[in-house]
Each structure stands twice: as C-alpha cells, then as structure tokens.
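The structure appears right after this line, and notes come after that.
Atom set for the values below is all heavy atoms of this structure, side chains included, hydrogens, waters and symmetry mates excluded.
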Amino acid sequence: MDPFRIVKLAGDKLTAVRCRLQRERAGRRGTKNGPLRQGRRVLLKTEALRADKQKERAARLLDDPANTALRLTHGAYRKIVRCYAQEDKRKGRGIALGFRSLDNYVTRSLLHTGGFRHAIQAHL
C-alpha cells in the first residue's frame, strides 16, 4: 500500500474516534465551538508545525481523562506519520509534488529514481 494512503487511513480513524466521543457526550454532532470540533485539524497536524495556541488546545484535549481513546489513537497516528516521514526523506518523495497531472507526477518520479534508464538505453 502507498504510504500516503496508510497515513490517510490512520487520520480517518483518528477523526472517527473524535466524532464518536462527541456523539457519546452530546448525543449529536459537535457545535463549531465545542472543544473536540475545534481540535479536529490540530490533532492531524504535526507537532512541529503547530502554533502555541494549537499546542495548548491539543494538550487540553489529550490530557482530559474522558478522551483516553482519543489519546491512544493520536499516539498511534503520530507513530505512523513519524515512520513514513522518515521513509519519505530516505526515498526522496516530494520531488514531484505540485503536478496536477498524474502522468506528469509519475514521469517526474521515474526520472528521479532512474526508472526510465532501461527505456533510454534501449533506444541508444
């Protein structure tokens, strides 16, 4: 499976746990001013990229004893993101980010990794 998809699935599970906790507490979806609703994007953001206010909001959410399931899921999500972030640095991913066309993305990735060598050498 593609690392991007694995990180996305982990993020989706984190969001599902957050939504489930909100429904259990209020019996419905959260309001825009609710703490779980306001923390939805903060929890998916890498800690190094969070502003001070976002760090405080995440700490409040994760330190709340009622959010044990959220804390455990967030810990697993962070481990997955950290694992694949290190893998991306080693593999040189991101060299083709910004292309809107999938064909251009694939072509740039193959050029970077040497995937076209065999085709080019055959023509020479």
Would L36 end up clustered with V42 when hydrophobic side chains under 4.5 Å apart are linked, directly or stepwise? no

Got a list of side-chain donor-acceptor pairs under 3.5 Å for residues 73-81, not counting sequence neighbours?
from : atom 1 : to  : atom 2 : distance (Å)
T73  : OG1    : A69 : O      : 2.8
H74  : NE2    : L43 : O      : 3.3
H74  : NE2    : R50 : NH2    : 3.3
Y77  : OH     : L44 : O      : 3.2
R78  : NE     : E47 : OE2    : 3.1
R78  : NH1    : E47 : OE2    : 3.0

Salt bridge (Lys or Arg N to Asp or Glu O under 4.0 Å) partners of R20, counting only residues at least two apart: E24

What distance separates R71 CZ from L61 CG, expressed to the nearest 0.5 Å? 11.0 Å

Minimal non-hydrogen separation, D64 against R25, with atom names: OD2-NH2, 4.0 Å

Across all chains, not counting sequence neighbours, the side chain to side chain donor-acceptor pair (under 3.5 Å) partners of R60 are none

Flag side-chain contact, heavy atom, 4.5 Å: R37 against Q22: no

Result block: side-chain N/O donor-acceptor pairs under 3.5 angstrom for residues 8-17, not counting sequence neighbours:
from : atom 1 : to  : atom 2 : distance (Å)
K8   : NZ     : D12 : OD1    : 3.3
K8   : NZ     : D12 : OD2    : 3.2
T15  : OG1    : G11 : O      : 3.0

With sequence neighbours left out, the residues meeting side chain to side chain donor-acceptor pair (under 3.5 Å) with K45 are Q54

